[in-house]
Amino acid sequence: MTAALRLSGIRKTFGRATVIRDVDLDIEEGEFIVFVGPSGCGKSTLLRLIAGLEEITAGDLFIADTRVNDVAPAKRGVAMVFQSYALYPHMSVFENIAFGLTLGRHDKAAVAEKVRAVAATLELSDLLDRLPKQLSGGQRQRVAIGRAIVREPRVFLFDEPLSNLDAALRTQMRGEIAALHQRLGTTMIYVTHDQVEAMTLADRIVVLNGGRVEQVGAPLDLYRRPANRFVAGFIGAPAMNFLPVAKLPPAWRKGGGAVTLGVRPEHLILDPEGPLAGTVKRVESLGDSHLLHIALEAGGDIVLRGQGAADVRSRQAVRLGADPGDLHFFRDDDSAISRA
């Protein structure tokens with residue numbers, strides 16, 4: 001199968017600063033790919049390189065079989081949805097959605113038909129005569145998405161499109177974007193710092209750090225088999241606990257050059273016979289779950305996530321256990337030791 005996009009040795013520098021470092025990535029037709037990573041990792045810059053909004057310093061970018069390094073953004077067959085809605089305030093919803101087509105001198109009747117079809121898909125049919133100021137945040141984002149859909153691009157690019165919405169709207173729009181991808185079947189690349197968005201939307205996640213790709217894989221693969229300590233600590237909330245192997249009881253040690261153990265908060269359990277001893281520092285009740293912040297006797301802190309209400313209190317002595325299959329081990333170069 002021909003890749004929808006192929007990035008080969010993509011590099012981007014601004015002056016002496018290198019912000020994208022030799023990225024190689026194949027994206028298949030119809031995939032939903034999510035770029036994640038900490039602030040400043042290069043995820044939005046990489047998206048802008050694909051869109052043609054930034055010039056590639058080195059490497060090759062192919063859309064289908066065509067090298068597009070020097071192709072203008074409007075001719076790449078991509079459409080981008082930004083964090084800011086970027087709607088024209090003096091134009092109606094209909095005019096905003098149609099804007100890209102009207103610039104291209106398309107037949108007015110054909111434009112109207114396309115706009116109304118897109119509006120129906122996004123449940124905007126009753127709002128076509130309104131101005132952006134008369135819409136909610138979620139409706140404005142739908143208009144921005146509609147403006148991209150109506151162009152029938154090969155690839156959709158989303159740059160943190162839900163960041164300006166409140167929590168309830170983010171959840172609703174996340175579901176709408178997932179449903180949209182299922183209906184259209186078009187390749188989508190989505191940038192976010194939100195792990196929930198990444199885990200629930202992506203076919204594959206690309207984890208970036210310092211302009212480099214740390215790991216590419218299906219969401220559960222990254223969760224269960226992180227390639228290194230960075231990915232292990234970035235994927236999952238609360239973050240994975242890390243403990244020096246030298247301070248662990250024998251039952252939790254591993255050979256093969258391991259210097260650090262990782263265990264996720266949700267994989268720890270309270271166990272009177274458990275190998276780790278500590279004292280509860282703080283209890284956080286979250287309704288359906290709780291977090292225990294525990295100071296270990298051997299030194300360092302650890303977080304346990306349990307279901308329902310907590311049955312322990314602050315300052316209480318506890319012991320902890322975990323299934324050995326849920327433990328992760330890392331070498332001194334932070335690479336993961338296979339758990340196969």
Side-chain angles (χ1 to χ4, degrees), residues 3-28 31-64 66-86 141 144-145 147-148 151 153-164 177 186-199 201-217 219 222 227-228 230-231 233-235:
L5 285 95
R6 180 157 58 90
L7 288 71
S8 178
I10 296 294
R11 188 184 313 154
K12 176 62 180 176
T13 61
F14 292 102
R16 295 183 178 180
T18 301
V19 295
I20 299 294
R21 303 173 183 272
D22 303 321
V23 169
D24 295 312
L25 180 66
D26 284 356
I27 297 173
E28 299 300 329
E31 270 197 298
F32 199 125
I33 297 293
V34 178
F35 294 167
V36 298
S39 178
C41 71
K43 54 188 183 292
S44 290
T45 299
L46 189 57
L47 198 73
R48 291 174 65 83
L49 291 173
I50 294 170
L53 302 179
E54 299 285 356
E55 185 178 348
I56 294 171
T57 303
D60 297 303
L61 172 64
F62 295 87
I63 296 179
T66 303
R67 184 180 182 273
V68 297
N69 289 46
D70 302 316
V71 174
K75 296 183 178 181
R76 293 190 178 193
V78 302
M80 192 160 178
V81 179
F82 296 92
Q83 178 178 348
S84 61
Y85 313 125
Q141 194 56 275
I145 293 171
R147 187 171 53 193
R151 293 175 52 195
R154 290 177 178 174
V155 181
F156 286 99
L157 306 176
F158 294 89
D159 191 5
E160 303 207 43
L162 308 186
S163 294
N164 292 333
I177 289 172
T186 308
T187 307
M188 295 185 176
I189 306 175
Y190 189 103
V191 164
T192 183
H193 63 275
D194 187 315
Q195 292 186 40
V196 174
E197 287 180 18
M199 295 293 286
L201 288 173
D203 293 320
R204 287 190 299 156
I205 295 174
V206 179
V207 182
L208 291 156
N209 182 33
R212 293 187 176 88
V213 174
E214 295 282 353
Q215 189 173 358
V216 181
L222 269 59
N228 54 45
F230 176 83
V231 175
F234 190 81
I235 299 294

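We number each residue from 1, following the sequence as shown. Keep in mind that what you see is a predicted model, and the values were worked out from it rather than measured.
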*Asks:* Does D22 use its side chain to pair, donor to acceptor, with the backbone of G59 at less than 3.5 Å?
*Replies:*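 Side chain of D22 to backbone of G59: no pair is present.
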*Asks:* Closest approach of V78 and P73, non-hydrogen atoms and distance?
*Replies:*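 Looks like CG2-O, 4.3 Å.
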*Asks:* Taking atom types as modelled and ignoring hydrogens, do the side chains of N228 and E214 form a donor-acceptor contact shorter than 3.5 angstrom?
*Replies:*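 The answer is yes; a qualifying pair exists.
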*Asks:* Between N209 and F234, is any pair of side-chain heavy atoms under 4.5 Å apart?
*Replies:*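 The answer is no, as the side chains (C-beta and beyond) never meet within the 4.5 Å cut-off.
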*Asks:* Taking atom CZ of R212 as the centre, does the number of heavy atoms from other residues, nucleotides or ligands within less than 6.0 Å exceed 12?
*Replies:*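 No, the 6.0 Å shell around CZ holds no more than 12 heavy atoms from other groups.
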*Asks:* What's the spacing between R6 CZ and R67 CZ if we round to 0.5 Å?
*Replies:*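 Reported value, rounded in 0.5 Å steps: 11.0 Å.
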*Asks:* I need the minimum non-hydrogen distance between A202 and V34, along with the two atoms involved.
*Replies:*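 Closest heavy-atom pair between A202 and V34: CB-CG2, 3.4 Å.
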*Asks:* Enumerate the residue pairs fulfilling side-chain hydrogen bond (donor to acceptor under 3.5 Å, both in side chains) with a member in residues 70-79, sequence neighbours excluded, ordered by first and then second residue.
*Replies:*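 Listed by first then second residue: nothing to list.
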*Asks:* Quick one: closest heavy-atom pair of P219 and A198, and the distance?
*Replies:*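 Closest heavy-atom pair between P219 and A198: CG-O, 4.3 Å.
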*Asks:* Name the residue from V206, L5, V191 that meets the side chain to side chain contact (heavy atoms under 4.5 Å, CB included) definition with I33.
*Replies:*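 When side chain to side chain contact (heavy atoms under 4.5 Å, CB included) is applied between I33 and each of V206, L5, V191, only V206 qualifies.
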*Asks:* Report yes if some heavy atom in the side chain of I177 is under 4.5 Å from a heavy atom in the side chain of E197; otherwise report no.
*Replies:*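 They are not in side-chain contact.
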*Asks:* Please name the pair of heavy atoms, one in I10 and one in L7, separated by the smallest distance, quoted to 0.1 Å.
*Replies:*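 Reported closest heavy-atom pair: CG1-CB, 3.7 Å.
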*Asks:* Taking all non-hydrogen atoms of both residues, which atom of A4 and which atom of T187 are closest, and how far apart?
*Replies:*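 Taking every non-hydrogen atom into account, CB-OG1, 3.5 Å.
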*Asks:* Take D194 and E160 through the test side-chain contact (heavy atoms from CB on, under 4.5 Å) and record every step on the way to the result.
*Replies:* CA-CA 9 Å; D194 187 315; E160 303 207 43; over 6 Å; no
*Asks:* Relative to the ring of F32, is the ring of F158 parallel (under 30°), tilted (30 to 60°) or perpendicular (over 60°)?
*Replies:*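 Correct class here is parallel.
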*Asks:* Within this structure, what is the CD1-OH distance for the pair I205 and Y190, rounded to the nearest 0.5 Å?
*Replies:*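 Those atoms lie 12.0 Å apart.
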*Asks:* Please set out all donor-acceptor pairs under 3.5 angstrom arising from side-chain atoms of residues 38-50, sequence neighbours excluded.
*Replies:*
{"residue": "K43", "atom": "NZ", "partner": "G37", "partner atom": "O", "Å": "2.9"}
{"residue": "K43", "atom": "NZ", "partner": "P38", "partner atom": "O", "Å": "3.3"}
{"residue": "S44", "atom": "OG", "partner": "D159", "partner atom": "OD1", "Å": "2.9"}
{"residue": "R48", "atom": "NE", "partner": "E54", "partner atom": "OE2", "Å": "3.4"}

*Asks:* Could you please spell out the steps behind the side-chain contact (heavy atoms from CB on, under 4.5 Å) verdict for Q141 and V81?
*Replies:* CA-CA 9 Å; Q141 194 56 275; V81 179; 3.4 Å; yes
*Asks:* To the closest 0.5 Å, what do you measure between CE (M80) and CD1 (I189)?
*Replies:*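 Between M80 CE and I189 CD1, I get 10.0 Å after rounding to 0.5 Å.
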*Asks:* Out of curiosity, L157 CG to L53 CG, how far, rounded to the nearest 0.5 Å?
*Replies:*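 Reported to 0.5 Å precision, the distance equals 8.5 Å.
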*Asks:* Would you name the heavy atoms of R154 and T186 that are closest together and state the gap between them?
*Replies:*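 Residues R154 and T186, closest heavy atoms: O-CG2, 3.2 Å.
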